[in-house]
Every structure is written in structure tokens, then in C-alpha cells.
Amino acid sequence: MGTKPDTYTLPLYFLTPRSSIHISQNVSLKFRFSFPPPPPVPIWVQVSGFSTSVRSYPVADGWQAPPADTASLNSGKGEGPSFQIPPRCAAWAAVSAATREVRSIGEARLRIPGLRGLLGPPRSTPVSDPAASAPRTPARWAFRLSQEPPQTGTANVSPDDLDPLGLCPQGFQLNERGRPDMDLDAVTKQSVLHAKPDGLILQYGTAGFRTKAEHLDHVMFRMGLLAVLRSKQTKSTIGVMVTASHNPEEDNGVKLVDPLGEMLAASWEEHATCLANAEEQHLPRVLVDISEKAAVDLHQDAFVVIGRDTRPSSERLSQSVIDGVTVLGGQFYDYGLLTTPQLHYMVFCRNSNGQYGKATVEGYYQKLSSAFVELTKQAFCRGDDHRTLKVDCANGIGALKLAEMKHYFSPGLSVQLFNDGTKGKLNHLCGADFVKSHQKPPQGIEMRANERCCSFDGDADRIVYYYHDADGQFHLIDGDKIATLISSFLKELLLEIGDGLSLGVVQTAYANGSSTRYLEEVMKVPVYCTKTGVKHLHHKAQEFDIGVYFEANGHGTVLFSKAAETKIKQLAKESEDEKRKAAKMLENIIDLFNQTIGDAISDMLVIEAILALKGLTVQQWDALYTDLPNRQLKVKVADRQVISTTDAERQVVKPPGLQEAINDLVKKYRLSRAFVRPSGTEDIVRVYAEADSQENTDSLAYEVSLAVFQLAGGIGERPQRGF
Ligand SMILES: CC(=O)N[C@H]1[C@@H](OP(=O)(O)O)O[C@H](CO)[C@@H](O)[C@@H]1O
């Protein structure tokens with residue numbers, strides 16, 4: 001049990017099934033704390049946040065009104081006084097709230113003396129750990145917090161705090177054979193409140209579901225249901241992130257995060273698509289089908305963590321996820337505003353029993369910043385004075401998180417935030433996607449010549465760098481060049497430790513041809529191409545001791561195999577001088593990367609550390625190789641699924657004739673390449689072209705767009721020449 005505290009803090013929520021409520025003057029919310037069977041020790045309760053009174057009454061009488069003579073403690077605002085619940089008693093707390101719209105109304109704190117002796121082992125065990133399947137020691141007693149009237153709400157508790165207390169799963173009933181079953185009636189009733197629009201069909205795409213926010217309520221509810229089943233099946237915590245990343249503010253999306261912090265397994269993507277598209281009357285059957293097909297153990301507890309970005313629709317939609325989780329009896333913890341990579345990090349921390357890090361925002365800041373400070377100690381001792389970075393935060397969540405975090409790594413690095421969400425619209429004329437696809441600086445940033453700047457996207461999982469040279473020319477440093485900088489640094493360190501660890505780089509078809517040539521021919525590093533979408537790159541990168549993967553748009557990270565980590569740690573302890581120094585750097589780099597997924601904050605710190613250690617300017621980095629001129633365009637078609645592809649999406653299979661047309665067009669230009677594929681996040685077909693000059697590239701991109709429009713059912717305005 002280690003050093004488990006004996007004090008637990010629970011947020012007190014007043015939740016309605018749909019959204020937040022309006023509490024009018026002097027309305028009392030009544031919370032009940034019950035401990036069936038009664039606790040063997042007295043428990044201290046403290047309710048704070050609003051004017052409170054706390055009473056206790058005997059458990060044996062069930063949920064009756066407290067006896068008239070029970071002591072009442074009025075605390076006024078702020079910290080409430082402690083109140084002791086004697087053994088065999090429950091507590092009842094009435095909280096009066098003033099007029100305001102709220103969801104969280106305060107806090108209940110429980111102090112349970114001697115708790116450590118009372119409990120079984122903690123629940124969270126890594127999925128790969130054989131101990132995960134060992135039966136849990138039954139908790140001695142359960143804790144439950146509810147409200148009066150009970151059906152109006154639920155309590156939100158952190159299982160890391162309370163799961164050892166054995167929270168009973170709710171929402172499950174016994175079927176005839178005595179096995180637990182899903183309460184499908186309850187699901188049906190709740191689902192009506194999250195009705196699916198008629199005829200709407202959505203696909204779990206490159207990164208989950210994405211579309212206009214107003215079409216997503218039912219998807220969110222259903223992904224809450226699915227997360228519970230996935231959690232039971234994997235016996236692990238599952239994440240649900242509400243975000244549409246780089247999409248416009250009006251869109252939203254949702255994706256599930258698997259136990260090791262990676263993207264949802266492909267077979268479950270299919271379940272997600274089936275569940276999201278099931279008509280209302282078929283929902284119970286689809287749930288049963290999924291749980292049977294995936295052999296879900298319904299006895300198992302489920303736990304889901306939820307995060308969301310700053311879109312206006314995200315809070316409401318994450319509430320729908322919570323509704324789905326609770327109606328199937330899952331427990332949840334709502335982290336509220338998080339970057340996408342932070343949620344991935346939290347999931348892995350929880351499932352690795354904290355070995356990967358502490359599952360809190362503070363834990364994330366500390367882990368990354370201490371690795372950064374340690375890694376850059378040497379460089380900053382040299383008194384380098386160029387360590388100021390301008391960051392365009394796309395008016396998204398990255399701004400909030402970076403503002404909180406920047407004190408952890410200053411004065412080594414000082415970041416100046418732009419597009420921090422106080423004025424502009426999310427991803428509008430700013431952010432990594434805008435900069436990459438328009439190949440120009442975002443609005444709202446003040447750039448001086450040769451100054452290092454970078455842009456995050458809306459949920460801070462991508463980063464690109466750029467600068468203006470003295471002639472005012474814009475230079476973009478995209479994911480390919482980031483991968484090249486990182487790989488060359490890692491390769492040097494690997495040569496120094498000389499331990500034969502393999503290094504590989506994974507790209508997609510969007511990688512600039514020059515980057516692939518440089519990596520293969522100059523750096524002599526093996527390069528692989530996968531389908532678009534980080535899940536594909538991630539899996540490929542797992543095949544190496546050290547796998548570097550980046551999409552050209554700046555989404556990527558580095559994975560270190562367990563064997564590589566062990567070797568590096570051992571060398572950092574045992575070897576001598578230069579070798580030891582290199583191993584120590586690698587050790588810190590391992591901690592600095594968010595290995596669950598591409599992470600703009602973590603990647604930014606890695607890049608800044610490498611530039612500082614190598615004494616490189618942004619121009620020197622940019623000069624590693626020269627990008628081939630390239631262009632990305634979007635074409636609207638009636639049904640983008642008419643296009644299917646092969647060879648890591650570089651060749652079209654259908655519709656007939658399209659690939660031949662592309663081949664003929666490509667032949668017209670030098671050093672040229674072009675491909676098309678249906679987007680997995682937007683209702684469009686993407687066109688990519690590269691050639692020897694920007695003019696030729698733009699012509700090729702235009703001509704290929706026209707071929708798509710003509711051969712794949714284009715709609716709306718025909719593609720136009722000129723950009
Ligand atoms: C060309 C491009 O940048 N495509 C992006 C975009 O996918 P599409 O399927 O192309 O819409 O969003 C994905 C999720 O963020 C990202 O993984 C991918 O790289």
C-alpha cells in the first residue's frame with residue numbers, strides 16, 4: 001500500500017442528466033454519505049465550499065431523515081468544520097448555495113484514521129502484468145455518495161482515491177443465470193435524451209469521430225458506453241478525449257485512449273462505428289453483441305478518465321460521455337480541460353501504477369520539466385542567450401497549459417505565448433495546421449527576422465517551427481525536419497554508447513521527398529512509410545529499439561523499447577566518462593518524450609534542448625536539407641469513400657482510371673510525385689503534389705484536383721488554378 005494517505009477529497013457535484021443547473025437562492029442540496037456495512041472506525045467528514053450543515057444518523061435505519069436532535073454545524077463559506085461520523089452511522093450534509101450556475105459546488109473531505117490497515121491492494125495494475133488477472137482482495141466496505149433525491153445526480157470520485165474502498169458498480173443487474181447483465185432499460189431511457197439524428201452515419205476515422213458539434217451528442221453518450229465495455233475488457237482505465245484537434249471551432253470529435261495511452265485498437269474502432277450508427281431501437285442489441293464478441297467480463301469494474309479541449313461545445317459533450325459511462329455503471333474521473341497528449345499520459349500513468357509518472361497535471365509538468373532542466377544544464381551553463389521562443393497556441397488548450405507550465409522550466413527557456421484564446425477563434429488563421437498548409441505565419445504573432453517561432457494545433461498534439469529570414473522570406477520547419485533533427489541527435493548519442501541499439505524513422509506519404517532522401521542517403525537511417533494517422537506510425541515505430549515517428553504536419557514522438565530503456569539506464573549508472581554522459585542524456589530524453597502520443601509541449605522541449613545542446617540556430621537546423629516545393633489541396637466530392645488506396649495510400653485502386661490519370665500528370669514535371677486519399681477527419685479528398693519548382697508543383701496539384709473532381713464525383717465549385 002506504500003504511503004497511502006488517510007484523507008480523501010471528493011468533489012461534490014450537482015449533475016443533471018443533461019447539463020449544469022441553476023441553483024437559486026438558498027436551495028439546499030442534500031448529500032448522503034453511506035458506508036454499508038458501517039465503517040469499523042470513526043470517520044471525519046468535512047464539507048467545504050458553501051454554507052453547510054452536516055449531520056449524522058444511524059445507518060441501520062436506512063435513508064431516513066436525520067433525527068431531529070442530531071447535531072448541526074453551520075460553517076459559513078469556505079472550509080467547513082470537521083464532523084465525526086461514529087461507527088455504524090452515516091452522514092447527511094445539506095449544502096446551501098447562492099444563485100449561480102454551477103456544476104461543482106464544493107468538496108467533501110473524508111479522513112479515515114488507520115485506513116492503510118483496512119484496505120486490500122490497489123486496483124490499478126498494468127494490463128500486461130499477470131497480477132492484473134489475480135482476484136482482487138475484497139474491500140472491507142464500500143463508500144457511496146449520493147444526493148437527495150437520489151435520481152437527480154451522482155458523485156464524481158477519483159478511483160485512485162476511492163477504488164480501494166470498493167465502490168460498488170452501479171447500473172448492473174442480475175440476469176436469470178445469476179450473471180451480471182447490463183441494465184439495458186436504463187441505457188434505452190438515457191439514450192432517448194441523446195437521440196441519434198435520423199440517417200446520420202459517421203465513421204471512427206483517422207483519430208476518432210469528427211464532425212459538426214451539433215451532430216455529436218449521441219456519439220459522445222455512446223462512446224461513454226463503449227469506454228465502459230473496453231475498460232471491463234482490458235481490466236484497465238480507458239480515456240475519452242473530447243476534441244476535434246485542428247478542425248474549425250464549430251466541429252468537435254471524440255476518441256478513446258487504450259490502456260497504454262495509445263490509440264484505440266482497430267477491432268474496437270469497428271465496434272465504435274457500429275455503436276455510433278445503431279438506430280435507437282437497436283442500441284441494446286449492439287451493446288450485447290459487442291460485449292459478447294469482445295468477451296467482455298461484465299463483473300469487472302470499469303473506470304474511465306475524460307478530458308476536453310476549449311471548444312464552446314466540449315463541456316456539454318463531455319457531460320454526454322459521462323452520462324454514457326454512469327448509466328453502464330462505470331466510474332469516472334473528469335479531468336476537465338486537458339491537451340490530448342496529457343489525457344494519453346494520464347491513462348498510461350494510471351495503468352502503469354504510476355510508474356510512467358503521476359496521473360495529475362502537476363505530475364506531467366514535473367516529469368517533463370525536470371527532464372528538460374537536467375538535460376539542458378550543460379548548455380545553459382555556457383550562457384547561451386537565444387533561449388526565447390514565441391509560441392502560437394492556436395487559441396486553444398495549449399495556451400492554458402503552457403501558461404501554467406512555463407514557470408517550471410524557466411529561466412532556462414522563456415516562452416512568449418500568442419493566440420492564447422483571449423481574443424481569437426480556435427484554429428482560425430493560426431495554429432500548426434494553418435501554418436503548415438498555407439505555408440505562411442499565423443496571424444497574431446509578432447515575428448522579427450531570424451527569430452525562432454512555433455505553432456501548436458488546437459489540442460496541442462502537433463507542432464511546427466518557422467522563421468522569417470532577413471529578406472522577409474518565410475521558412476517552415478515541419479514534422480519531417482523535426483524528425484531529422486531528433487534522429488541525428490539520437491544517432492550521435494547511440495554511436496557514443498556503442499551498444500548496437502537499432503534506430504528507425506517512420507513517415508507517411510506526406511513526408512517531403514527531400515527529408516526521406518536525407519535520412520536514408522546522408523544519415524543512413526532506415527525509413528518506413530505507413531498510412532496516414534499516428535496509430536499506424538506508432539505501431540511501426542514499436543518495431544525498433546528507438547522508433548522516431550512524425551507526420552509532416554508536426555505530429556509525432558519517439559518510442560523506446562523496454563530493452564533499450566533498461567540498457568540505457570544501466571549504461572548511465574555503470575559506464576565511464578563520455579559513454580556515461582551520452583547514456584545519461586538518453587535517459588533524460590526518454591523522460592522528456594511523451595511516449596504515448598505526439599505532444600506539442602514535450603516535442604517543443606526536446607527540440608529546444610537539442611538546439612541548445614548542439615548550439616544550433618534555427619537557420620542551421622533549417623539548412624539540413626531543402627524541402628522540395630509541395631502543395632496540399634482539398635477537393636469536395638459527393639462520397640469520399642469512392643476512393644480507395646493501397647501502398648501506404650500512395651496509389652489509388654478505385655475509381656478506375658484515376659491512378660492512370662495521376663501517373664500521366666506526374667510524368668509532365670521533374671522530381672514530381674502526387675497522390676490522393678480520402679481524409680479521415682474532414683469530408684474531403686486530399687491532394688498532395690511535389691515537383692522541382694513551386695510553379696510546377698501548383699500546376700500539378702491543380703491538375704490532379706481536377707482529375708479527382710471529374711473521376712470521383714466532385715461537387716460544388718470546380719477546382720481553380722492559382723492559390
Ligand atoms: C495530411 C494530414 O495532415 N492529415 C492529418 C489529418 O488526417 P486526415 O485523415 O488527412 O484528415 O488529421 C489526422 C489527425 O490529426 C492526422 O493524423 C493526419 O496526419
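Counting starts at 1 for both ligands and their atoms, in listed order.
Ring geometry for Tyr364 versus Tyr345: interplanar angle over 60°, hence perpendicular rather than tilted (30 to 60°).
Legend: residues meeting salt bridge (Lys or Arg N to Asp or Glu O under 4.0 Å) with Asp639, ordered by chain and number and at least two apart, are absent. The salt bridge (Lys or Arg N to Asp or Glu O under 4.0 Å) search around Glu551 returns none, not counting sequence neighbours.
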Check ligand 1 for N or O atoms under 3.5 Å from a protein N or O and list each pair with its distance.
from     : atom 1 : to     : atom 2 : distance (Å)
ligand 1 : 3 (O)  : Asn553 : ND2    : 2.8
ligand 1 : 9 (O)  : Thr206 : OG1    : 2.8
ligand 1 : 9 (O)  : Arg677 : NH2    : 2.8
ligand 1 : 9 (O)  : Gly680 : N      : 2.7
ligand 1 : 10 (O) : Arg677 : NH1    : 2.7
ligand 1 : 10 (O) : Arg686 : NE     : 2.6
ligand 1 : 11 (O) : Ser679 : OG     : 2.5
ligand 1 : 11 (O) : Thr681 : N      : 3.3
ligand 1 : 11 (O) : Thr681 : OG1    : 2.5
ligand 1 : 11 (O) : Arg686 : NE     : 3.4
ligand 1 : 11 (O) : Arg686 : NH2    : 2.7
ligand 1 : 12 (O) : Arg462 : NH2    : 3.4
ligand 1 : 15 (O) : Arg462 : NH2    : 3.3
ligand 1 : 17 (O) : Glu551 : OE1    : 2.8
ligand 1 : 17 (O) : Glu551 : OE2    : 3.2
ligand 1 : 19 (O) : Glu551 : OE1    : 2.7
ligand 1 : 19 (O) : Glu551 : OE2    : 2.8
ligand 1 : 19 (O) : Asn553 : ND2    : 2.8

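Separation of the Tyr549 and Tyr528 ring centroids does not fall under the 6.0 Å cut-off.
Listed by first and then second residue, the salt bridge (Lys or Arg N to Asp or Glu O under 4.0 Å) pairs that reach into residues 528-543 are Glu269-Lys535, Lys540-Glu543, sequence neighbours excluded.
A cation-pi contact, defined as under 6.0 Å to the ring centre and within 45° of the axis, is absent between Lys481 and Tyr518.
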